[in-house]
Amino acid sequence: MHNKIHSAKMSPLSIVTALVDRIDMCKKSLSPEQDIKFSGHVSWVGKTSMEVKMHMFQLHDNEFSPVLDATFVMVARDSENKGPAFVNPLILESPEEEEIFRQGELNKGKRVAFSSMSLLKMAPTAEERTTIHEMFLNTLDPKTVSFRSRVLPPNAVWMENSKLKSLDICHPQERNIFNRIFGGFLMRRAYELGWATACNFGGSRPFIVTVDDIMFQKPVEVGSLLFLSSQVCFTQGNYIQVRVHSEVASLQDKEHMTTNVFHFTFMSEKEVPLVFPRTYGESMLYLDGQRHFSSMSAPVTLKKDHLIEP
């Protein structure tokens with residue numbers, strides 16, 4: 001709607017999802033019997049991209065209460081989906097709209113900063129290095145005084161023992177209007193594997209709190225073999241941070257290409273074990289999980305019917 005041209009019958013633009021920036025749950029569960037209402041608006045625009053905010057409400061005691069908040073980044077492509085296209089500017093008509101736009105600008109800055117500080121590009125901070133070294137010291141066997149002999153502290157699990165994997169064949173019924181596999185299908189498969197990982201790790205049925213930073217790096221073609229690998233990478237109290245890595249296999253040369261990386265924050269009904277990395281690579285996964293967990297706007301408290309922000 002934002003890019004609609006009233007003089008044209010069809011828009012010359014293709015709008016695709018570049019990034020699911022964040023999805024926050026406000027309720028623990030949904031009723032299958034009450035009406036659900038969605039609302040959404042464009043909150044910020046650049047030259048070729050738009051930030052879109054969506055809110056989901058459900059009828060409760062004769063009024064609609066918040067269930068879910070989501071922020072997506074959409075990009076415009078030309079009609080053949082071969083290159084970027086310009087989007088309509090946003091006219092700000094009130095102080096409230098100016099504040100929403102300013103927040104969108106801040107969100108863009110945070111995304112750029114988070115990406116530039118990626119552990120794939122830069123070394124961990126001094127504080128993070130200290131954290132990893134302390135965890136390493138906590139796993140040394142005091143009987144042998146050797147760097148090679150490692151033992152787990154009480155109520156802890158090695159990170160490598162928290163993995164689950166799955167394989168999907170991408171059928172044509174899951175395709176989108178561009179004849180590629182629909183991103184929502186990938187998100188659902190990743191969420192279900194992440195939930196199963198958290199359930200298996202925590203020993204109880206977990207509740208989703210936040211979905212963070214889903215970047216659609218490569219399209220998934222119809223007929224692809226979709227490999228999903230899920231791993232608990234950080235825990236704290238009742239929280240379980242799960243990372244799901246998605247890749248497709250090229251049938252010609254057997255190479256695997258990453259298509260998405262998903263970050264889920266779950267809450268268990270009881271306190272969960274600590275997770276300990278054994279290798280340097282796992283230590284980087286731990287720090288990355290800690291960063292995503294720390295980016296939550298505020299911790300949530302599990303109530304009987306709701307997840308409530310204090």
Side-chain angles (χ1 to χ4, degrees), residues 14-21 48-49 72-75 77-78 80-84 111-112 114-124 158-198 200 211-234 241-264 275 277-289 291-292:
S14 296
I15 308 295
V16 297
T17 307
L19 172 74
V20 178
D21 191 24
T48 61
S49 60
F72 282 39
V73 176
M74 317 294 288
V75 293
R77 311 279 292 173
D78 59 29
E80 294 183 346
N81 195 21
K82 289 183 178 177
R111 286 193 291 270
V112 172
F114 202 87
S115 174
S116 65
M117 289 292 290
S118 168
L119 292 165
L120 293 171
K121 299 175 183 176
M122 292 186 68
W158 290 120
M159 189 185 287
E160 64 188 18
N161 296 331
S162 67
K163 288 182 182 177
L164 284 182
K165 295 187 177 185
S166 72
L167 169 65
D168 276 289
I169 301 169
C170 298
H171 292 289
Q173 62 262 34
E174 309 299 347
R175 69 181 185 261
N176 58 21
I177 58 173
F178 306 111
N179 277 323
R180 302 269 181 56
I181 296 301
F182 174 50
F185 170 79
L186 305 176
M187 288 170 62
R188 177 172 183 168
R189 283 289 184 263
Y191 166 75
E192 288 176 348
L193 183 63
W195 184 91
T197 304
N200 188 51
V211 181
D212 189 28
D213 193 25
I214 301 174
M215 179 79 76
F216 292 93
Q217 297 176 17
K218 287 187 184 299
V220 178
E221 304 292 343
V222 172
S224 297
L225 297 179
L226 180 70
F227 295 86
L228 293 173
S229 176
S230 177
Q231 187 168 21
V232 175
C233 54
F234 178 79
Q241 187 71 32
V242 177
R243 181 183 189 270
V244 181
H245 183 259
S246 162
E247 56 187 13
V248 293
S250 168
L251 300 182
Q252 286 76 31
D253 49 23
K254 304 286 174 60
E255 279 192 1
H256 284 220
M257 294 179 295
T258 299
T259 60
N260 305 82
V261 178
F262 304 85
H263 301 274
F264 301 104
V275 66
R278 197 194 283 266
T279 65
Y280 187 80
E282 287 179 347
S283 298
M284 295 304 100
L285 285 179
Y286 180 91
L287 292 178
D288 189 52
R291 288 181 179 185
H292 282 280

Taking all heavy atoms of [X] and all of [Y], pick out the closest pair and write down the distance.
| X | Y | value |
| --- | --- | --- |
| Ala18 | Val75 | CB-CG1, 3.8 Å |
| Ala190 | Leu228 | N-CD1, 4.0 Å |
| Met159 | Val232 | CG-O, 3.3 Å |
| Pro277 | Ser283 | CB-N, 3.5 Å |
| Asp212 | Asp21 | OD1-O, 3.3 Å |
| Thr197 | Ser162 | CG2-O, 3.3 Å |

Over 12 foreign heavy atoms within 6.0 Å of CD1, Ile169
no
Is the number of heavy atoms from other residues, nucleotides or ligands under 6.0 Å of Gln173 CD greater than 12?
yes
Do [X] and [Y] come close enough that some side-chain heavy atom pair is under 4.5 Å?
| X | Y | answer |
| --- | --- | --- |
| Asn260 | Met187 | no |
| Tyr191 | Phe262 | no |
| Arg243 | His263 | yes |
| Pro124 | Met284 | yes |

To the nearest 0.5 Å, what is the distance between CG on Leu164 and CH2 on Trp195?
11.5 Å
Spacing of OG belonging to Ser49 relative to CD1 belonging to Ile15, to within rounding of 0.5 Å
10.5 Å
Has the side chain of Ser115 got a donor or acceptor atom that lies under 3.5 Å from a matching backbone atom of Arg111?
no
Show me the donor-acceptor pairs within less than 3.5 Å that the side chains of residues 215-227 make with the rest of the protein, sequence neighbours left out.
{"residue": "Glu221", "atom": "OE1", "partner": "Arg180", "partner atom": "NE", "Å": "3.3"}
{"residue": "Glu221", "atom": "OE2", "partner": "Arg180", "partner atom": "NE", "Å": "2.8"}
{"residue": "Ser224", "atom": "OG", "partner": "Glu221", "partner atom": "N", "Å": "3.4"}
{"residue": "Ser224", "atom": "OG", "partner": "Glu221", "partner atom": "O", "Å": "2.7"}

With sequence neighbours excluded, what pairs up with Asn200 under the side chain to side chain contact (heavy atoms under 4.5 Å, CB included) test?
none
Could you pull out all residues at least two apart from Thr48 that satisfy side chain to side chain contact (heavy atoms under 4.5 Å, CB included)?
Pro84, Phe86
Determine whether His245 and Gln231 satisfy the following criterion, side-chain contact (heavy atoms from CB on, under 4.5 Å), listing intermediate values before the conclusion.
CA-CA 9 Å; His245 183 259; Gln231 187 168 21; over 6 Å; no
Going through the distances and angles, do Ser230 and Val242 end up as a side-chain contact (heavy atoms from CB on, under 4.5 Å)?
CA-CA 7 Å; Ser230 177; Val242 177; 3.2 Å; yes
Holding to ring pair (Phe, Tyr, Trp, His ring centres under 6.0 Å), I want the full list of residues that pass it with Tyr286, two or more places apart in sequence or in another chain.
Phe234
All ring pair (Phe, Tyr, Trp, His ring centres under 6.0 Å) counterparts of Phe114, not counting sequence neighbours
His292
Which residue pairs pass the salt bridge (charged side-chain N to carboxylate O under 4.0 Å, His left out) test when at least one of the two sits in residues 161-176, sequence neighbours left out?
Asp168-Arg189
